[in-house]
Amino acid sequence: MYSFQSPFGVIHYDWHEGLCHGLTLQQSDMMHAKHDNPVSAWLSAYFSGTTQALPALAPAKTNFQRKLRHGLCAIPYGKVKTYGELAKTLSTAPRALGQALGANPFPIIIPCHRVVAAGGLGGFHYGSDWKKSLLNFEQL
DNA sequence: TCAAAGATACCGT
DNA sequence: ACGGTATCTTTGA
C-alpha cells in the first residue's frame, strides 16, 4: 500500500506486479511519502494540471465496467457529463451507471468525478468534498 | 435463483 | 416542490 499527498487529501493505492489494483481517497491528511512508480507519477502530473498516459490498471471484473471505463475516459479534462447522458451513450440506465461508478476502484484516474446529476452535483463514493474539489480544480 | 439496493431521471399532481 | 415509478447492474442470501 502506497500513499500520495494531494492538495485535497491523501490518496492510498495498491501497486504491485506492475499493476495498479485500486485507489482509496482519505478524508484527513496524513504523512507524506514520496514514491517512484507510475501511479504517483500520474497523480503528480494530474495535480500539476497536465495529462499523461495512464498507469497499468488491473482489469475490470465485468464487461459492463470495461465499457464504463472506456466511456469515462472519453470525457475530456475540464468537462462534465450527466449520469443520464452517459447512460444513453452506453445504452444503460442512469441508476445502473451510478451503481457502477461507486464500485469503480480507480477514482480520479478513471475520471468518475466528471459525472454529475441532471439537477446538480451528484454523489461521490468518498464524499462529495472530493468531487467538488476536483471539479473546481479542473475548471480553473 | 431471487430480492434489494444504488453516486438517477422523469412525469404527474 | 414533492412523490411515485421506470430502469439496469451487482451482490449477498
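Chain naming here is simple, since letters A, B, ... match the order of the sequence lines and numbering starts at 1 in each.
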Requested in this report: Please work out which of the three classes, parallel, tilted or perpendicular, describes the rings of A:Phe8 and A:Phe47, given edges at 30° and 60°.
Outcome: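 Perpendicular: the ring planes of A:Phe47 and A:Phe8 meet at over 60°.
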Quick one: list whatever passes side chain to side chain donor-acceptor pair (under 3.5 Å) with [X], sequence neighbours left out.
X: A:Tyr83; result: A:Lys131
X: A:Glu85; result: A:Thr82
X: A:Arg114; result: A:Glu138

Report task. Can you sort out which residues in residues 64-76 of chain A have a heavy atom within less than 4.0 Å of DNA chain B? Ascending by number, please. Result ->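 Under 4.0 Å from DNA chain B: no residue of residues 64-76 of chain A.
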Report summary line: Going 5' to 3' through nucleotides 2-7 of chain C and flagging B where a protein heavy-atom sits under 4.0 Å of the base, S where only the sugar-phosphate is that close, and - otherwise, we get -----B
Query - side chain to side chain contact (heavy atoms under 4.5 Å, CB included) partner of A:Phe106, the single match among A:Leu23, A:Val39, A:Leu72 - result: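 Exactly one option meets the side chain to side chain contact (heavy atoms under 4.5 Å, CB included) with A:Phe106, and it is A:Leu23.
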Query raised in the report: A:Tyr83 has an atom OH; how far is it from atom P of C:dC8, in whole Å?
Result: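 It works out to 18 Å between those atoms.
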Query raised in the report: How many angstroms lie between atom CD of A:Gln99 and atom CG of A:Leu101, to the nearest 0.5 angstrom?
Result: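 It is 9.0 Å, given to the nearest 0.5 Å.
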Query raised in the report: Taking for each residue the nucleotide of DNA chain B with the nearest heavy atom, is it A:Ala96 or A:Gly84 whose nucleotide lies nearer the 5' end?
Result: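 Closest to the 5' end, via its nearest nucleotide, is A:Ala96.
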Requested in this report: Select base, sugar-phosphate, or nothing to describe what A:Thr62 touches, counting heavy atoms under 4.0 Å on all strands.
Outcome: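 Sugar-phosphate, backbone atoms only, no base.
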Report task. Describe the nucleic acid contact of A:Ala117 in one word from base, sugar-phosphate, nothing, applying a heavy-atom distance below 4.0 Å. Result ->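 The residue A:Ala117 makes sugar-phosphate contact but no base contact.
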Listed partners of [X] passing side-chain contact (heavy atoms from CB on, under 4.5 Å), at least two apart:
X: A:Lys132; answer: A:Leu121, A:Asp129
X: A:Asp14; answer: A:Met1, A:His21
X: A:Ala74; answer: none

Requested in this report: Go through DNA chain B in 5' to 3' direction and return only the first and the last nucleotide with some atom under 4.0 Å of chain A's heavy atoms.
Outcome: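 Footprint of chain A along DNA chain B, 5' to 3': B:dG6 to B:dA9.
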Query raised in the report: Do A:Ser40 side-chain atoms and A:Asn37 backbone N/O form a donor-acceptor pair below 3.5 Å?
Result: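 No, the answer is negative, given that no donor and acceptor are paired below the 3.5 Å cut-off.
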**Report entry** Secondary structure of DNA chain C in dot-bracket form (Watson-Crick or G-U wobble, distances below 3.5 Å, | marking inter-strand pairs)
**Finding:** ||||||.||||||
Query raised in the report: Does CD in A:Glu17 sit with more than 12 non-hydrogen atoms of other residues, nucleotides or ligands closer than 6.0 Å?
Result: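 Open.
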Query raised in the report: Taking only residues two or more places apart in sequence, or in another chain, which ones meet A:Tyr46 in a ring pair (Phe, Tyr, Trp, His ring centres under 6.0 Å)?
Result: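 Testing A:Tyr46 for ring pair (Phe, Tyr, Trp, His ring centres under 6.0 Å), a comparison that skips the adjacent residues, returns A:Trp42, A:Phe137.
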Query - Listed once per pair and sorted, the side chain to side chain donor-acceptor pair (under 3.5 Å) pairs that draw on residues 55-64 of chain A, sequence neighbours left out - result: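 Qualifying pairs: A:Asn63-A:Arg66.
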